[in-house]
Peer 1: 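I'd like to ask some things about the structure below.
For reference, positions follow the sequence shown, starting with 1. Counting starts at 1 for both ligands and their atoms, following the listed order.
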Amino acid sequence: MAGRIADGPRLTHAGDGVPGGGAVPAEGAGRPGTDAVDGASTEVAAIDVSFTEVEDGDVEAVVALWRDPYRDLADARLGETSTVLVGRATRDLPAVATDGAPGEPGPREVAAGELVATAMTGVDGHRGWLYYVAVDPRLQGRGAGRATVVAAEAWLAAQGARAVRLMVRATNDAVRGFYERLGYADQECVVLGRPLGAPDARDAGR
Ligand SMILES: CC(C)(COP(=O)(O)OP(=O)(O)OC[C@H]1O[C@@H](n2cnc3c(N)ncnc32)[C@H](O)[C@@H]1OP(=O)(O)O)[C@@H](O)C(=O)NCCC(=O)NCCS
């Protein structure tokens with residue numbers, strides 16, 4: 001099922017602590033991209049990235065944001081209760097400045113329509129789950145990650161999910177910090193698992 005993800009009911013706490021909700025950063029928050037460039041804000045507001053369900057032509061751009069993902073993507077698209085959301089820039093956006101070597105060209109700007117964010121999501125009949133939340137490095141730190149999680153939460157809410165869960169390595173402080181900022185809290189559970197069916201190196205350790 002493809003289509004524009006409309007604003008869903010506000011299940012998320014993603015806007016908490018931010019004056020005006022998720023699209024507007026706290027003044028003086030010191031995040032990259034909040035400075036004006038040529039008079040235009042470089043912040044990625046909710047309106048700057050729009051989310052749809054993934055289509056055939058998106059596959060290469062999606063997997064460029066993921067690691068070993070072709071089968072995961074195919075499985076999520078096949079399922080009736082899962083999907084992959086893709087976010088596209090709704091206007092040309094300057095790239096986040098990086099500390100490249102002197103003389104090297106900086107990252108190219110993001111063109112309107114470019115795929116810049118993904119989330120895999122699905123409901124298991126009880127809860128919603130998030131996987132593969134990823135933002136193009138050129139836009140990280142400017143609100144696109146928050147917009148991605150909000151879009152996935154809206155999709156899950158539309159499916160009837162009343163809670164959302166995700167897994168992050170306990171040692172991944174950067175990603176834990178991101179989710180905690182969005183209102184996610186440690187559920188104090190241990191995740192147990194084993195592969196099903198034929199051995200598959202991809203599933204080892206999951
Ligand atoms: C993790 C990721 C999705 C975050 O996206 P992003 O666009 O950089 O995040 P945002 O700019 O939307 O940040 C949203 C909020 O989280 C905060 N935040 C981000 N990282 C944080 C951290 N480590 N600690 C505390 N707060 C953090 C931001 O300051 C921002 O706060 P605000 O909106 O209240 O001002 C992105 O860095 C990414 O794609 N990383 C690589 C892939 C990855 O690791 N995905 C997670 C798989 S589990």
Peer 1: Quick one: look at R176 and ligand 1, take heavy-atom pairs under 4.0 Å, and tell me if it's side chain, backbone, both or neither.
Peer 2: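 Near ligand 1, R176 shows nothing, with every heavy atom at 4.0 Å or more.
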Peer 1: Are the side chain of T121 and the backbone of W129 linked by a donor-acceptor contact shorter than 3.5 Å?
Peer 2: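 Yes.
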Peer 1: Please determine if R142 has a nitrogen or oxygen closer than 3.5 Å to a nitrogen or oxygen of ligand 1.
Peer 2: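 For ligand 1, there is an N or O atom that lies under 3.5 Å from one belonging to R142.
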Peer 1: With a 4.5 Å heavy-atom cut-off, do F178 and V149 have their side chains touching?
Peer 2: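 Contact flag for F178/V149 side chains = yes.
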Peer 1: Scan for salt bridge (Lys or Arg N to Asp or Glu O under 4.0 Å) pairs involving residues 127-136, sequence neighbours excluded, and state none if there are none.
Peer 2: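 Residue pairs with at least one partner in residues 127-136: D136-R138.
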Peer 1: Are L139 and V96 close enough that some pair of their side-chain heavy atoms sits under 4.5 Å apart?
Peer 2: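 No, too far: nothing below the 4.5 Å cut-off.
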Peer 1: Distance under 4.0 Å to a non-hydrogen atom of A174: what atoms of ligand 1 satisfy this?
Peer 2: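 Ligand 1 atoms under the 4.0 Å threshold to A174: 22 (C), 23 (N).
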Peer 1: Below 4.0 Å, non-hydrogen atoms only: which portion of R181 touches ligand 1? Side chain, backbone, both or neither.
Peer 2: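 The side chain, only.
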Peer 1: For ligand 1, which atoms, with element, lie under 4.0 Å from some heavy atom of V175?
Peer 2: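 Reading through ligand 1 atom by atom, the close ones are 44 (O), 46 (C), 48 (S).
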Peer 1: Numbering the atoms of ligand 1 from 1, which are under 4.0 Å from a heavy atom of A134?
Peer 2: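 Numbered from 1, ligand 1 contributes 39 (O).
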Peer 1: Does a donor on one side chain and an acceptor on the other come within less than 3.5 Å for W66 and T118?
Peer 2: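 The criterion, which ignores hydrogens and geometry beyond distance, is satisfied for T118 and W66.
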Peer 1: Does D58 use its side chain to pair, donor to acceptor, with the backbone of E55 at less than 3.5 Å?
Peer 2: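 Checking the backbone N and O of E55 against the side chain of D58, a donor-acceptor pair under 3.5 Å is found.
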Peer 1: Hey, is R176 close enough to D186 for a salt bridge, meaning N to O under 4.0 Å?
Peer 2: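 Yes, this pair counts.
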Peer 1: Find all atoms of ligand 1 within a distance of less than 4.0 Å from any non-hydrogen atom belonging to G143, and give their numbers and elements.
Peer 2: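 The list of qualifying atoms is 10 (P), 11 (O), 12 (O).
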Peer 1: Once you restrict to heavy atoms under 4.0 Å, what part of V135 touches ligand 1? Side chain, backbone, both or neither.
Peer 2: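 Both the backbone and the side chain of V135 come within reach of ligand 1.
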Peer 1: For atom 22 (C) of ligand 1, which candidate among F178, Y131, Y132 holds the nearest heavy atom?
Peer 2: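 Looking at heavy atoms only, the winner is F178.
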Peer 1: When you compare ligand 1 with G145, is there at least one nitrogen or oxygen pair between them that comes in under 3.5 angstrom?
Peer 2: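 Yes, there is a polar N/O contact under 3.5 Å.
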Peer 1: For ligand 1, which atoms sit closer than 4.0 Å to a heavy atom of G141?
Peer 2: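 Under 4.0 Å from G141, ligand 1 has these atoms: 6 (P), 7 (O), 8 (O), 11 (O).
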Peer 1: Any idea which of N172, L130, V133 brings a heavy atom closest to atom 42 (C) of ligand 1?
Peer 2: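 Answer by nearest heavy atom: V133.
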Peer 1: Who are the ring-ring contact (aromatic ring centres under 6.0 Å, His included) partners of Y179, not counting sequence neighbours?
Peer 2: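 Testing Y179 for ring-ring contact (aromatic ring centres under 6.0 Å, His included), a comparison that skips the adjacent residues, returns Y184.
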